[in-house]
There are 2 protein chains.
Amino acid sequence: MTGTRWLSADEQRSWRAYLAATKLLAAQLERELQRSKGFSHAYYDILVRLSEAPDRRLRMSDLADAADSSRSRLSHAVSRLEELGWVVRETCASDRRGAYANLTDAGFAALVDAAPSHVESVRTHLFDPLTPEDARRLGEICEKVVVALREHCPAEQPDGAQPDGARPGGTEPVPAGSAA
Amino acid sequence: MTGTRWLSADEQRSWRAYLAATKLLAAQLERELQRSKGFSHAYYDILVRLSEAPDRRLRMSDLADAADSSRSRLSHAVSRLEELGWVVRETCASDRRGAYANLTDAGFAALVDAAPSHVESVRTHLFDPLTPEDARRLGEICEKVVVALREHCPAEQPDGAQPDGARPGGTEPVPAGSAA
DNA sequence: TAAGTAATGTTCAACGCTCAACTACCAACG
DNA sequence: CGTTGGTAGTTGAGCGTTGAACATTACTTA
């Protein structure tokens with residue numbers, strides 16, 4: 001009864017490195033963003049998704065999917081962003097259960113303000129230590145993992161976002177669209 | 001004044017894939033471990049580190065470093081593990097400020113019980129979608145990132161663990177040492 | 001030995017996340 | 001219509017993390 005497919009020595013080493021890298025990198029980016037701009041990466045991510053959406057607004061569910069977040073978490077987070085004046089909710093006319101989250105000018109400004117230092121953090125701690133080839137491969141590998149995860153749990157995840165893997169949109173820098 | 005080194009289109013794509021993959025994978029592993037065994041990956045990690053240590057015990061600080069955890073978080077976590085009967089604290093004779101965390105037989109048994117399904121999760125969601133070559137490269141890339149992060153923040157991190165990057169030890173399977 | 005500095009570990013308050021209700025609404029079917 | 005089932009989003013309790021403050025003990029230097 002030893003059906004377990006244990007990890008090989010190489011796999012274990014990769015796995016440990018993965019665990020350490022992801023944990024340390026996330027903690028470092030969080031710390032730098034928190035110290036320089038006073039808000040979390042979770043907020044940043046929400047602001048980015050909204051900034052990229054048409055009219056800078058998104059249905060709550062779509063925003064949750066875009067940010068790989070649970071609906072509950074998103075609802076709480078949007079409430080806090082509303083208190084900051086960075087997002088406002090708006091009820092949906094066509095489906096009265098629904099709600100839009102709108103990015104305000106102040107929210108957009110906060111994103112514009114935070115982006116440069118955050119991008120610099122990402123570059124410093126992730127891309128600078130890697131060769132361009134490494135970076136490209138990391139992306140490919142992660143895309144494979146994402147595809148597998150999205151199709152592997154069709155009923156467990158917050159929702160079944162299509163396994164795109166190739167969304168355009170600029171992550172860090174502020175996307176197209178005029179400020180203010 | 002536009003000193004920001006923005007991400008290229010390729011870099012952005014890699015970065016987004018990285019963000020999605022790490023978030024989804026962590027959530028999936030957490031969910032499966034939680035549902036099948038009822039405890040978190042944070043606990044699992046602590047149990048693993050303790051199980052690998054001589055006499056299955058470690059100073060709190062060393063354990064915090066090994067698990068890439070803050071002292072505060074570790075202290076809380078160990079308290080909870082103590083309530084489960086999986087770890088016991090012991091005051092250190094040679095340094096009376098210090099404390100050891102000892103893995104109990106029950107704690108070791110819990111790890112032995114959880115390991116197979118957890119390893120299966122890791123394999124299913126990470127290694128199965130990848131080629132062996134991918135897995136090897138992922139490990140190399142992560143090791144580079146870890147090295148950079150560890151040397152880049154000598155005064156900010158919980159502690160200054162030496163930039164090893166090549167610790168042996170078996171991660172998932174239960175390491176050498178007799179059970180019970 | 002006394003004073004100053006550093007390290008270990010715990011505790012507390014604030015905050016965010018999770019999970020399970022819960023409200024409100026839509027849509028289909030009889 | 002009225003019912004049933006499913007969807008959108010919110011809420012609240014419980015729990016874990018964070019970061020700072022704290023007590024205690026060790027080390028270093030005069």
Side-chain angles (χ1 to χ4, degrees), chain A residues 23 26-35 38-46 57-84 87-102 155-160, chain B residues 23 26-35 38-46 57-65 67-84 87-102 155-161:
Chain A
K23 186 181 278 191
Q28 184 66 24
L29 295 181
E30 185 72 40
R31 209 175 302 131
E32 292 183 0
L33 185 53
Q34 194 72 249
R35 300 229 165 135
F39 61 96
S40 70
H41 191 272
Y43 288 20
Y44 187 89
D45 200 34
I46 290 173
R57 77 175 190 174
L58 235 35
R59 284 289 292 269
M60 292 295 283
S61 288
D62 295 333
L63 181 51
D65 292 343
D68 290 315
S69 167
S70 75
R71 275 144 169 96
S72 174
R73 170 165 54 181
L74 183 73
S75 183
H76 286 297
V78 166
S79 296
R80 293 185 294 262
L81 288 171
E82 247 184 331
E83 287 172 9
L84 288 174
V87 170
V88 290
R89 269 183 248 242
E90 183 186 352
T91 56
C92 176
S94 61
D95 182 344
R96 296 227 297 264
R97 295 167 301 182
Y100 285 103
N102 293 63
E156 295 188 83
Q157 282 296 89
D159 224 281
Chain B
K23 187 182 277 191
Q28 184 66 25
L29 295 181
E30 185 71 40
R31 210 175 301 130
E32 292 182 0
L33 184 53
Q34 194 72 249
R35 300 228 166 135
F39 61 96
S40 70
H41 191 271
Y43 287 21
Y44 186 89
D45 200 33
I46 290 172
R57 77 175 191 172
L58 233 35
R59 283 290 292 270
M60 292 295 283
S61 288
D62 295 333
L63 181 52
D65 291 344
D68 291 315
S69 166
S70 73
R71 277 149 168 97
S72 175
R73 169 165 52 181
L74 183 73
S75 184
H76 287 298
V78 166
S79 297
R80 293 184 295 261
L81 288 170
E82 246 183 332
E83 288 171 9
L84 288 174
V87 170
V88 289
R89 269 184 249 244
E90 183 186 352
T91 57
C92 176
S94 60
D95 182 345
R96 297 228 295 263
R97 294 168 303 182
Y100 284 104
N102 292 62
E156 293 187 86
Q157 282 296 91
D159 225 280

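Just so we're on the same page: letters track the sequence lines, and every chain starts at 1.
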Between atom [atom1] in [X] and atom [atom2] in [N], what is the gap in whole Å?
{"X": "B:M60", "N": "C:dT11", "atom1": "CE", "atom2": "P", "value": "10 Å"}
{"X": "A:E83", "N": "C:dC15", "atom1": "CD", "atom2": "P", "value": "10 Å"}
{"X": "A:R59", "N": "C:dC25", "atom1": "CZ", "atom2": "P", "value": "13 Å"}
{"X": "A:H41", "N": "C:dG16", "atom1": "NE2", "atom2": "P", "value": "16 Å"}
{"X": "B:D68", "N": "D:dT17", "atom1": "CG", "atom2": "C1'", "value": "16 Å"}
{"X": "B:R35", "N": "C:dT18", "atom1": "CZ", "atom2": "P", "value": "12 Å"}
{"X": "A:L63", "N": "D:dA8", "atom1": "CG", "atom2": "P", "value": "14 Å"}
{"X": "A:R96", "N": "C:dT23", "atom1": "CZ", "atom2": "P", "value": "19 Å"}

Report task. Could you please spell out the steps behind the side-chain hydrogen bond (donor to acceptor under 3.5 Å, both in side chains) verdict for A:T91 and A:R96? Result -> CA-CA 7 Å; A:T91 56; A:R96 296 227 297 264; over 6 Å; no
By nearest-nucleotide position on DNA chain D, the 5'-leaning member of A:Y100 and B:D95 is A:Y100
Report yes or no: does [X] contribute a side-chain atom to a donor-acceptor pair with the main-chain N or O of [Y] at less than 3.5 Å?
{"X": "B:K23", "Y": "A:A67", "result": "yes"}
{"X": "A:E82", "Y": "A:R89", "result": "yes"}
{"X": "A:S79", "Y": "A:S75", "result": "yes"}

* To do: Just compare D:dT25, D:dT7, C:dG9 and give me whichever is closest to any side-chain atom of A:R97.
  =>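 Nearest nucleotide to the side chain: D:dT7.
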For this session: For B:R31 and B:Q28, run side-chain hydrogen bond (donor to acceptor under 3.5 Å, both in side chains): C-alpha distance rounded to whole Å, both residues' side-chain angles, the deciding distance at 0.1 Å, then the answer.
Result: CA-CA 5 Å; B:R31 210 175 301 130; B:Q28 184 66 25; 2.7 Å; yes
Side-chain N or O of A:S70 less than 4.0 angstrom from OP1 or OP2 on C:dC17?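 No.
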Sorted by chain and residue number, the ring pair (Phe, Tyr, Trp, His ring centres under 6.0 Å) partners of A:F39 (sequence neighbours excluded) come out as A:W86
Note: A:R71 and A:S61 closest approach over all heavy atoms is NH2-OG, 3.2 Å
A correct 5'-to-3' footprint of nucleotides 11-16 of chain D, with B, S and - meaning base, sugar-phosphate only and no protein heavy atom under 4.0 Å, is BB---S
